Structure formats: structure tokens, C-alpha cells
Amino acid sequence: MAEQQNQSKAQENLNHVLQGRRDKLAELQAAGKDPFQITKYDVTAHSMDVKDNFEEMEGKEVSVAGRMMFKRVMGKASFCNIQDLKGNIQAYVARDNIGEDPYKDFKKMDIGDIIGIKGTVFKTKAGEISIHAESVTLLSKSLQVLPEKFHGLTDTDTRYRQRYVDLIMNADVKETFIKRSKILAAIRKYLAGEGFMEVETPMLVANAGGAAARPFETHFNALDEDLKLRISLELYLKRLIVGGLERVYEIGRVFRNEGLDTRHNPEFTLMELYQAYTDYHGMMDLTENLYRYVAQEVLGTTKIVYNGIEMDLGQPFARMTMVDAVKKYSGVDFNEIHTLEEARAAAKEHHVEFEERHKKGDILNLFFEEFVEEHLVQPTFIMDHPIEISPLTKKKPENPEYVERFEFFMNGWEMANAYSELNDPIDQRERFRAQEELLAQGDEEANHTDEDFLNALEVGMPPTGGIGFGIDRMCMLLTDSAAIRDVLLFPTMKSLDK
């Protein structure tokens with residue numbers, strides 16, 4: 001009962017504060033000082049520009065703008081602190097400098113208001129670099145109350161739903177997303193240097209292929225057709241290889257109708273690239289060089305630390321086959337297993353669960369997931385997957401049960417998936433037919449046959465290496481973020497009214 005009374009009183013106090021802010025806005029508007037009528041403000045420097053270049057800027061006039069995060073009124077002079085994109089800076093606001101009426105207006109400003117300050121750069125007696133204000137302009141009135149400074153915004157659900165407040169209150173969150181932007185810029189810079197073209201392909205598709213995933217479905221009213229949101233970028237990018245664009249890539253959102261966890265969000269950022277006249281070994285070299293370059297460019301080092309574990313991108317990445325990896329960590333050698341019955345027997349002996357529809361290659365992959373993945377902490381390429389789980393990949397000429405494919409692992413996570421791309425249209429049609437059979441058996445993640453893609457292959461696609469990178473997981477590793485939601489500005493959330 002007492003707790004309910006306290007909550008009720010707190011809400012009453014909050015409502016009183018919120019109404020007070022609206023009253024202040026109404027008063028400003030009545031006096032012809034509506035901040036929402038201001039259309040621009042001439043910003044000449046950010047906070048850290050002033051701090052980092054103090055010796056050059058001391059005594060010079062600057063204009064800064066940002067959100068007021070602190071204010072201390074002391075009679076005829078006051079201090080405030082404003083926060084902008086790059087950091088924060090203190091301002092000294094004196095009545096005799098800005099004028100009596102402007103000083104009265106300043107005293108009525110609230111924490112959270114957006115203000116512009118024009119003044120000269122100086123250092124206080126306490127040694128803090130500050131701005132001696134000559135004018136203070138209210139640029140936008142905050143009608144809400146920011147979280148209390150010392151407790152901050154810590155509830156993760158609220159942080160994800162109200163990312164705008166999260167960015168204001170938590171400097172490390174802002175730094176994470178600044179780094180994410182730099183990671184993407186570094187990727188583009190590296191690939192441009194390697195001669196790749198950035199392209200864009202459709203998000204709304206009739207046939208969502210290129211991955212094992214259940215798509216989201218929608219309806220296009222104008223054509224009265226059902227469409228799907230893409231689950232990968234692959235099949236359209238390969239069409240461009242057929243068209244003669246020899247090195248292409250796309251960084252874009254893809255959509256998979258699956259669950260949420262620390263590494264999965266139903267919409268996420270994927271990068272796929274395709275390079276004519278190379279194979280999966282070429283993709284391994286590109287991956288190794290790209291990861292090294294991005295880490296050095298963004299972090300200044302090729303040694304990264306995630307959750308206290310150091311991973312070294314500067315060393316040659318380990319390379320091993322899936323069969324060898326399963327043998328190393330489970331003791332089962334699939335080179336010695338020749339039939340489906342033997343594979344099922346091995347699975348039962350090692351308590352690996354499988355379904356009736358699973359073939360030998362599927363069971364090998366289940367062994368890999370069960371026994372191997374968690375051990376792949378340092379950068380590792382797992383090569384030569386079974387054909388059953390790789391419907392778009394070239395067979396190994398010397399052993400057609402396996403394909404020229406690798407997955408790149410770090411921290412026990414799959415970070416990238418690459419192929420020597422299948423360019424035989426007859427073989428590809430057979431693979432699609434096998435996928436259709438799985439679909440008929442109830443596998444909602446199996447691919448449909450894509451006739452236009454088959455037609456493109458019949459026109460002729462050169463030998464090609466292709467790869468898909470999980471950009472969000474890359475950002476998690478390079479920013480030491482615990483969950484995918486920590487690197488997505490607006491992660492998918494359940495509606496509050498559900």
C-alpha cells in the first residue's frame with residue numbers, strides 16, 4: 001500500500017514538472033520567443049574540437065550547440081554543460097555578458113533543452129576548458145524529463161525502445177554506433193580499393209531464395225500479387241555476374257521469419273559479394289584481409305577483445321575441413337562412415353538428435369554444431385561442407401559428396417559463409433528439385449525453384465567466388481557488445497499493447 005502511494009505521488013510530481021515545461025513553452029510563445037520557430041543556428045565547432053585544439057582556440061569566438069545536461073545558477077552568474085555529437089563542454093553564463101533579460105530567460109531553461117551558445121574559449125581557475133557565453137539561444141524546448149543523471153538509463157527494454165534517450169544518456173552507446181558507421185565505411189573503402197562495385201537489388205521478391213530461412217510474406221495491392229521480403233542477396237547478385245559486372249557487393253537489410261535471441265534479429269544487415277574468376281580460396285584470402293583492414297582502420301589494432309577474450313586478426317587464420325573438425329572434437333571420423341545407417345548409428349551413440357529426413361551430410365553438420373562450434377574462438381575457416389546442406393555450391397571434383405564451401409568462425413559464432421558458386425544450370429536444377437522435395441516434406445526453410453535464375457545460369461556465369469558476411473555480428477565483436485540489439489539502433493521489439 002505504501003509503495004503504491006509512493007508511486008502515485010511520484011507520478012503526480014512528474015505530471016507537475018511536465019506541465020511546468022509546457023507552461024514555460026506557452027509563456028515563450030506568448031512573448032514571441034517560440035523556440036520551434038527557429039530554423040537554423042550557425043555552429044562553428046563541436047565540443048571536442050574546442051577541447052582538443054584549446055591552445056589554438058583560446059580567446060577565439062565559437063558557436064556550439066547541443067543538449068543542456070547540467071545547469072547551476074549562482075545569482076548573477078551560472079554554469080551549464082551542453083552535450084553534442086562529439087562530447088560535452090562547460091559554458092560560463094554571466095548576466096553582465098549576455099544581458100539582464102536573456103539571463104532571466106536562461107534561468108528558466110530546463111535540463112534537456114537544446115541550446116546554442118556563442119562565446120569565447122577560456123579555461124576556468126579549476127582548469128576546465130569552457131566557453132564564456134556572449135549569447136544563449138533556446139533552439140528547442142524539451143517537454144519530457146531525462147532520466148536522473150546518476151542512475152541513468154539502465155533498463156534494457158526501455159533503452160532499446162527509446163534509443164534516442166539511450167544515446168543521450170549513455171556515451172558508450174553513442175560510441176558503439178559511431179564505430180558501427182566507421183566499420184561500414186571501412187568495408188566500403190577496402191572493397192572499392194579491390195575494384196568492387198556497390199549495387200542494390202530488390203527487397204520485395206516473388207521467390208525468396210539463396211538461404212535456408214522462412215520468409216515474411218506481404219501483398220502488393222497494385223498488382224494483386226503475393227510477395228515475400230528477401231532472405232538473402234545472392235540470386236540477384238549472381239545475375240549481375242552473368243551480366244558481366246565482375247565484382248559486385250551489396251550491404252543491405254534481409255528479413256527472416258525466425259526467433260529473437262542475443263545473435264538473431266528478424267531483420268538484420270547482410271553483406272554479400274561475388275567475384276568472377278575466383279573460388280572459395282579467393283574468398284578466404286579476401287575475408288582475412290578485409291577483417292584485418294577494418295579492425296586496424298576502426299580500432300587501430302588487429303587484436304580485439306570480446307568479453308575478456310583476445311582474438312588475433314593479425315595471425316594467419318586457421319583452415320580445416322568440417323570432417324577434420326568433427327573428428328578433432330568428437331572423435332568421430334566421417335571418412336570412415338559410408339552409409340546413412342552408419343551415420344545414424346554414430347549419432348545415436350553420441351546422443352546427437354536427428355530427424356527421419358536427415359541424410360548423412362545433414363548428420364555430419366549436426367555433429368559439427370554439437371561438438372565443434374563452441375571451440376572456434378580464434379579466426380577459423382571451416383571448409384568442405386556436405387552437399388546436402390549446400391544447394392548453391394560447386395561439388396569438389398575429387399569427392400562429389402562435399403562442396404567447395406567454407407564458414408568463417410570467431411568467438412564460436414558463424415561470421416561468414418562462402419562458396420565456389422555453382423554455375424552449372426543442369427546441376428542447379430537438380431539441387432532445386434531436391435529442395436522442393438524437402439519443402440513438400442514440411443521444411444519451411446527449403447528453397448523454391450527460381451526459373452529466371454536458372455535462365456541466367458543458362459546464359460552463362462563464369463567461375464565465381466561468393467560470400468555473405470553478418471555485419472551485425474562483426475559489429476558486435478569489434479565493439480565488444482553482448483547482444484545483437486546493442487548494435488542495432490532500432491531492434492525488433494514486441495508491441496507494448498500485446
Side-chain angles (χ1 to χ4, degrees), residues 163 176-177 179-218 220 227-243 245-258 260 263-276 283 286-287 290-291 294 298 392 407-408 413-419 421 445 447-448 450 452-453 456 464-479 484-492:
R163 184 66 84 187
T176 291
F177 288 105
K179 276 185 183 173
R180 181 185 174 112
S181 179
K182 289 178 178 177
I183 288 166
L184 290 168
I187 290 170
R188 287 186 165 101
K189 185 177 176 184
Y190 176 81
L191 292 177
E194 295 295 310
F196 282 86
M197 286 175 54
E198 183 172 10
V199 298
E200 294 169 310
T201 61
M203 289 191 181
L204 288 172
V205 295
N207 187 347
R214 183 180 174 185
F216 287 94
E217 298 181 359
T218 188
F220 185 10
L227 294 174
K228 299 176 177 68
L229 295 178
R230 66 185 180 187
I231 59 173
S232 86
L233 313 173
E234 178 167 349
L235 301 185
Y236 280 98
L237 291 176
K238 284 183 179 177
R239 286 167 167 91
L240 300 181
I241 295 291
V242 170
L245 305 183
E246 295 179 0
R247 298 187 180 204
V248 294
Y249 77 96
E250 180 173 6
I251 298 174
R253 281 292 173 110
V254 296
F255 309 88
R256 298 182 181 179
N257 202 344
E258 57 192 20
L260 297 159
R263 282 184 282 158
H264 293 88
N265 195 70
E267 55 174 316
F268 61 98
T269 303
L270 182 64
M271 180 177 77
E272 291 197 34
L273 66 82
Y274 293 85
Q275 179 179 339
M283 293 296 100
L286 184 146
T287 301
L290 173 65
Y291 258 78
V294 171
V298 177
L392 298 164
E407 290 175 303
F408 172 49
W413 303 347
E414 180 198 337
M415 305 298 295
N417 186 20
Y419 308 154
E421 300 296 337
E445 295 186 346
N447 283 204
H448 286 275
D450 188 327
D452 182 71
F453 175 66
T464 298
I467 188 165
F469 291 91
I471 295 297
D472 304 310
R473 292 185 187 179
M474 185 183 198
C475 291
M476 286 173 67
L477 277 184
L478 295 181
T479 61
I484 193 170
R485 291 181 175 188
D486 295 326
V487 296
L488 297 175
L489 280 166
F490 300 102
T492 303

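For clarity, every value in this text was computed on a predicted model and none was experimentally measured.
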Enquirer: Return the OH to CD distance between Y236 and E250, rounded to the nearest 0.5 Å.
Expert: 11.5 Å

Enquirer: Taking all non-hydrogen atoms of both residues into account, name the closest pair between G470 and L270 and its distance.
Expert: N-CD1, 4.5 Å

Enquirer: I want to check something: taking the side chain as every heavy atom from C-beta on, are L240 and Y274 in contact at a cut-off of under 4.5 Å?
Expert: no

Enquirer: Take I183 and L478 through the test side-chain contact (heavy atoms from CB on, under 4.5 Å) and record every step on the way to the result.
Expert: CA-CA 9 Å; I183 288 166; L478 295 181; 3.9 Å; yes

Enquirer: Output all residues satisfying salt bridge (charged side-chain N to carboxylate O under 4.0 Å, His left out) with R473, sequence neighbours left out; order by chain, then residue number.
Expert: none

Enquirer: Would you please name every residue forming a side chain to side chain contact (heavy atoms under 4.5 Å, CB included) with L191, sequence neighbours left out?
Expert: I187, F196, Y249, M271, L273

Enquirer: According to side chain to side chain contact (heavy atoms under 4.5 Å, CB included), who are the partners of T176, at least two apart in sequence or on a separate chain?
Expert: T479, S481, V487

Enquirer: I need the I484 CD1 to D472 CG distance, nearest 0.5 Å.
Expert: 4.5 Å

Enquirer: For side-chain contact (heavy atoms from CB on, under 4.5 Å), just list the numbers for E194 and L286, CA-CA rounded to whole Å, side-chain angles, deciding distance to a tenth of an Å, and then say yes or no.
Expert: CA-CA 9 Å; E194 295 295 310; L286 184 146; 5.6 Å; no

Enquirer: R485: what forms a salt bridge (charged side-chain N to carboxylate O under 4.0 Å, His left out) with it, not counting sequence neighbours?
Expert: none

Enquirer: Any non-hydrogen side-chain atom of W413 less than 4.5 Å from a side-chain atom of R263?
Expert: yes

Enquirer: Answer yes when D450 and K238 have at least one side-chain N-carboxylate O distance shorter than 4.0 Å, and no when they do not.
Expert: no

Enquirer: How about R239 and D452: do any of their side-chain heavy atoms sit closer than 4.5 Å?
Expert: yes

Enquirer: Please check this pair: side chain of R163 against backbone of L489, looking for a donor-acceptor N/O pair closer than 3.5 Å.
Expert: yes

Enquirer: Can you tell me how far apart CG (L184) and CE (M474) are? Round to the nearest 0.5 Å.
Expert: 9.0 Å

Enquirer: Taking all atoms of both residues into account, what is the closest heavy-atom pair of R230 and P202, and its distance?
Expert: CD-O, 3.3 Å

Enquirer: Do L477 and M415 make a side-chain contact, defined as non-hydrogen atoms from C-beta onward lying under 4.5 Å apart?
Expert: yes

Enquirer: Quick one: are L488 and R180 in side-chain contact, heavy atoms under 4.5 Å?
Expert: yes

Enquirer: What distance separates F255 CZ from L204 CG, expressed to the nearest 0.5 Å?
Expert: 8.5 Å

Enquirer: Nearest 0.5 Å, please: how far is OG1 in T464 from CE in M283?
Expert: 9.0 Å

Enquirer: To the nearest 0.5 Å, what is the distance between CD1 on I467 and CZ on F408?
Expert: 8.5 Å

Enquirer: Which heavy atom of V294 sits nearest to which heavy atom of A186, and what is that distance?
Expert: CG2-CB, 4.1 Å

Enquirer: Which heavy atom of K228 sits nearest to which heavy atom of A206, and what is that distance?
Expert: NZ-O, 3.7 Å

Enquirer: Looking at G210, is its backbone amide N or carbonyl O close enough to the side chain of N447 to form a donor-acceptor pair, meaning the two atoms are under 3.5 Å apart?
Expert: yes

Enquirer: Go through the structure and list residues passing salt bridge (charged side-chain N to carboxylate O under 4.0 Å, His left out) with E246, not counting sequence neighbours.
Expert: none

Enquirer: Between N265 and L260, is any pair of side-chain heavy atoms under 4.5 Å apart?
Expert: yes

Enquirer: For side-chain contact (heavy atoms from CB on, under 4.5 Å), just list the numbers for L227 and E217, CA-CA rounded to whole Å, side-chain angles, deciding distance to a tenth of an Å, and then say yes or no.
Expert: CA-CA 6 Å; L227 294 174; E217 298 181 359; over 6 Å; no

Enquirer: If we ignore hydrogens and angles and just use 3.5 Å, is the side chain of R256 paired with the main-chain N or O of I231 as donor and acceptor?
Expert: yes

Enquirer: I'd like to check the salt bridge (charged side-chain N to carboxylate O under 4.0 Å, His left out) partners of E198; sequence neighbours left out, ordered by chain and number.
Expert: R188

